Amino acid sequence: MKPIDEQIAILMRGVEFGDEQIKQVMERELRERLQEAQHEERPLRVYCGFDPTTSQLTLGHTVPMRKLRQFQELGHQAIFLIGSFTALIGDPSDRNSPRPQQTIEEVAKKSKGYANQTFKILDADKTEVRYNADWLAPLTFADLIRLASHFTVQQFLARESFAKRHAKGDPIWLHEFFYALMQAYDAVMLETDVQIGGTEQLFNLMAGRKLQEALGQRPQICLTLPILVGTDGYQRMGQSLGNYIGVDEPPEEMYGKVMSIPDHAMRNYFDLLSSFEPAQIADIEQRIATESLHPMDAKMMLARDIVTIYHDAEAAARAEAHFQRVFQKRELPREMPAHKLAAPQNIVDLLVEVGLAPSKSQARRLIVQGGVRLDGNKVESIEETVTPDRETILQVGKRRFVRLV
RNA sequence: GGGCAGGUACCCAAGUGGCCAAAGGGAGCGGUCUGUAAAAUCGCUGGCUCAGCCUUCGGAGGUUCGAAUCCUUCCCUGCCCA
């Protein structure tokens, strides 16, 4: 195992609390715990939990996962917790309104896809995968009350997400308070040394610390990481916001989505998602500032790097070529979905049938606005008929193509 | 349980009898431009057999020539009181 100073340097990189004091305390405790573990010749138990709210992991999830991976590489025990029970309530941390509650069946379905995607980042052989329904579901009402008695209402109301709603007169549901309790109980059941999460998770992680201590365990060290912004460049990346990049998206899609982030979000992505070292990132930023590197080229480096992580170098090169063809040169993509056109068909009906428009009204609008092309020629009329006498390329907007055969 | 204020399209939010398929913003989509699917800018955004018709303003019922708007009732939220 590496020397402790070296471990600390790696593990504390990127960790951010928004409060220097907490950071110092956590770093000190982490150092002590590492020393203790080394002495006892045991690995630290490090966990990070994810609620299956959709079946797709996003690059946002990968930020704490990469930290978990670092622990793993240093020989510690990584625990990947699937919030099969917490997902039923939904984490109120990052939003100003409650999440819709899910059914057990929905959650189970979504959990399935999770593990596989996870191992694009974590080492499958060395990861302990747990489901928190295993211990949360059997809790009795009496158990719950005992857990709840360790926290005050004021502590919860002080949280920004609740305070805001309270001030605004928006509903705060009682069950939302239980989210932090449940997560805290996870830490107790897993007997964790360290928990990792996004900065918005601090309250939940601290609740775990508090509960562990109350129940006679050593309080876990909490490490929080900056939030990844979504492709819009402002809001956090989230499935429900539609601004996300999924870890299992095809290379072209992933590359394009990275390219679509605003320039000002690039730094956030370089820091949290790329394989570039801090010094390299600083250099790139410097070169952009002095105009010796074009921001677009920097973004292409970023996109290529990210696609390489989740696919491979070859796929990344392909995605880049696709991007250059379709968006920079406005040429046709190499591959596009095919649709069998059997008989002559009206253009409006066709657009709906191939899925390029959700309704005929929408299809008409697209045509009127000049967004529909057949073999590169703008479709001028909604009356136009497409005849299947040869292969034709149907295009909507800049990026949606269907090959009519 | 009582009093008051609310429930409007994907989200926020205006509208309080006809000019309402419903202002404005966000988000999304399309055009132009560009260095990108960035920014900027212009436009579109319920559906259909499309100069017309049908469905939509918490649910149901009613008044009216006509209702998101008025009445009844039910459901839901917030505040105050108990």
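Note that the structure is a prediction, hence the values are computed from the model and not measured. Throughout, protein chains are lettered first and strands after them, A, B, ... in sequence-line order, and every chain is numbered starting at 1.
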### Assigned partner base of B:A82, Watson-Crick or wobble definition, under 3.5 Å
none
### Message
Please give the distance between the C1' atoms of B:U36 and B:C44 as a whole number of Å.
### Response
23 Å
#### Entry: Distance, C1' atom - from B:A23 to B:U16, rounded to whole angstrom
15 Å
#### Entry: Atom P, compared across B:C42 and B:C57: separation rounded to whole Å
34 Å
### Query
When you match A:Pro358 and A:His166 each to their closest nucleotide on RNA chain B, which lands nearer the 5' end?
A:Pro358
### Pairing nucleotide - B:C33, Watson-Crick or G-U, each distance under 3.5 Å
none
#### Entry: Working for side-chain contact (heavy atoms from CB on, under 4.5 Å), residues A:Tyr269 and A:Ile245
CA-CA 12 Å; A:Tyr269 277 54; A:Ile245 305 176; 4.2 Å; yes
### Message
Strictly under 4.0 angstrom, non-hydrogen atoms only: write out the protein contact profile of nucleotides 30-39 of chain B, one letter per nucleotide from the 5' end, B, S or -.
### Response
SS-BBBBBS-
### Query
Hey, does A:Ser359 reach any base, or is it just sugar-phosphate, or nothing, if we go heavy atoms under 4.0 Å?
sugar-phosphate
### Task
Output, in order, the C-alpha distance, side-chain angles, deciding distance and verdict of side-chain contact (heavy atoms from CB on, under 4.5 Å) for A:Ile8 and A:Ile4.
CA-CA 6 Å; A:Ile8 289 280; A:Ile4 288 186; 4.1 Å; yes
### Task
Tell me yes or no: between the side chains of A:Gln280 and A:Asp283, is some donor less than 3.5 Å from an acceptor?
no
### Separation between the P atoms of B:C10 and B:G46, rounded to whole Å
10 Å
### Query
Mind checking the C1' distance from B:A67 to B:U77? Whole angstroms is fine.
24 Å
### Query
Between A:Phe270 and A:Lys299, is there a cation-pi geometry (under 6.0 Å to ring centre, at most 45° from the normal)?
no
### Query
Roughly, in whole Å, what's the span from CG in A:Asp170 to P in B:C76?
19 Å
### Task
Using both distances under 3.5 Å as the test, list the Watson-Crick or G-U wobble partner of B:C44, or none.
B:G28
### Message
Can you check the distance between B:A21 and B:U72, where both ends of the measurement are the P atom (answer in whole Å)?
### Response
27 Å
### Query
In whole Å, what separates the C1' atom of B:U63 from that of B:G78?
31 Å
### Query
Taking the C1' atom of each, how far is B:C54 from B:C20, in whole Å?
16 Å
### Task
Just do the ring-ring contact (aromatic ring centres under 6.0 Å, His included) check on A:His264 and A:Tyr234 with the steps written out, would you?
CA-CA 9 Å; A:His264 67 78; A:Tyr234 293 98; 4.8 Å; yes
### Any-strand Watson-Crick or G-U partner of B:G61, both distances under 3.5 Å
B:C71
#### Entry: Residue matched to B:U77 through Watson-Crick or wobble contacts both under 3.5 angstrom
B:A5
Name every donor-acceptor pair, under 3.5 Å, that has one atom in a side chain of residues 138-146 of chain A and the other anywhere in the protein, sequence neighbours excluded.
unit_1: A:Thr140; atom_1: OG1; unit_2: A:Ala142; atom_2: N; d: 3.4
unit_1: A:Thr140; atom_1: OG1; unit_2: A:Asp143; atom_2: N; d: 3.1
unit_1: A:Thr140; atom_1: OG1; unit_2: A:Asp143; atom_2: OD2; d: 3.0
unit_1: A:Asp143; atom_1: OD1; unit_2: A:Arg146; atom_2: NH1; d: 3.3
unit_1: A:Asp143; atom_1: OD2; unit_2: A:Thr140; atom_2: N; d: 2.8

### Message
Tell me the interatomic distance from A:Glu176, atom CD, to B:U77, atom P, rounded to whole angstroms.
### Response
13 Å
### Task
With sequence neighbours left out, write down each residue that passes ring pair (Phe, Tyr, Trp, His ring centres under 6.0 Å) with A:Phe80, or none if nothing qualifies.
A:Phe50
